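Accompanying notes for the structure given below.
Counting from 1, the numbers follow the sequence of the chain as shown. Just so you know, these numbers come straight off a predicted model, no measurement behind them.
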Amino acid sequence: MIEEESEKIRAAIALNPVLRARNTLTALSGGEQDALTLAAALQEQLKAVNNGDLTNAEAMLFAQAHILDQLFNNLIGNAVAPESALHMEVCFKLALKCQTQSRATLETLSAIKNPPVVYARQANFANGPQQINNAPAHGEKKPRNELLEQIHGERLDTGETIETGGSNPPLEALGEIYRPENQRR
């Protein structure tokens, strides 16, 4: 029983994102950081994010974009050094990957600072024929096509031919007999 509880606690610790980040940061810093102090600082930052304060996340993204830009410039400088064509190709490929990641990081930062505003679910602007396929929202069931089915599974068009009726008879005004008693309706 005690062994089972300790396994559950170990699993919860292994899956805790703050503790996993602490372990990774401690390993990358060569063990220079105190693990408990680092975990407490990460927990504080997590509380700030949960309260809507993204200042630290924005600073992190900005710093990462600058680091990626510096890597891009260093790799471009290394690529033009006269070594070999293979060395040049590898440096240029890595430089362009750094540039792409830097751009994506800055786009993410921009999306955090200026979230997109959506005013309408659908706007239709067409000068000619337009087909609109509205997919159901997440979790909604696709509505039945009520034009084709009156009762679920029962088609209105049975595929049988129907006899045609006679020509239109001449229409006459209603006589006194068929008029309603209360004519105010």
*State whether the side chain of S102 and the backbone N or O of C98 hold a donor-acceptor pair below 3.5 Å, judged by distance alone.*
no
*Report the distance from atom CD of Q101 to atom CG of L71, rounding to the nearest 0.5 Å.*
11.5 Å
_Could you walk me through whether R10 and S6 satisfy the side chain to side chain contact (heavy atoms under 4.5 Å, CB included) test, starting with their C-alpha distance in whole Å, then the side-chain angles of each, then the deciding distance to 0.1 Å, before giving a yes or no?_
CA-CA 6 Å; R10 279 192 214 117; S6 65; 4.0 Å; yes
*Return yes if some donor-acceptor pair links the side-chain N/O of N16 with the main-chain N/O of V18 below 3.5 Å, else return no.*
yes
*Would you check if the side chain of D69 reaches a backbone N or O of A65 as a donor-acceptor pair within less than 3.5 Å?*
no
*Apply side chain to side chain contact (heavy atoms under 4.5 Å, CB included) to the pair L46 and L42, showing each step before the final yes or no.*
CA-CA 6 Å; L46 177 63; L42 284 169; over 6 Å; no
*If you measure from CG on L94 to CD on Q99, what distance do you get to the nearest 0.5 Å?*
13.0 Å
*asked:* To the closest 0.5 Å, what do you measure between CG (L106) and CD (Q64)?
replied: 10.5 Å
_Path from V49 to L25 over hydrophobic side-chain contacts below 4.5 Å_ = no
*Would you please test I76 and F72 for side chain to side chain contact (heavy atoms under 4.5 Å, CB included) and show each step?*
CA-CA 6 Å; I76 292 294; F72 168 79; 3.9 Å; yes
*Could you please spell out the steps behind the side chain to side chain contact (heavy atoms under 4.5 Å, CB included) verdict for E58 and I112?*
CA-CA 8 Å; E58 292 167 358; I112 289 173; 3.5 Å; yes
*asked:* Please determine whether residues F62 and M60 belong to a single hydrophobic cluster, defined as Ile, Leu, Val, Met, Phe, Trp and Tyr linked transitively by side-chain heavy-atom distances below 4.5 Å.
replied: no
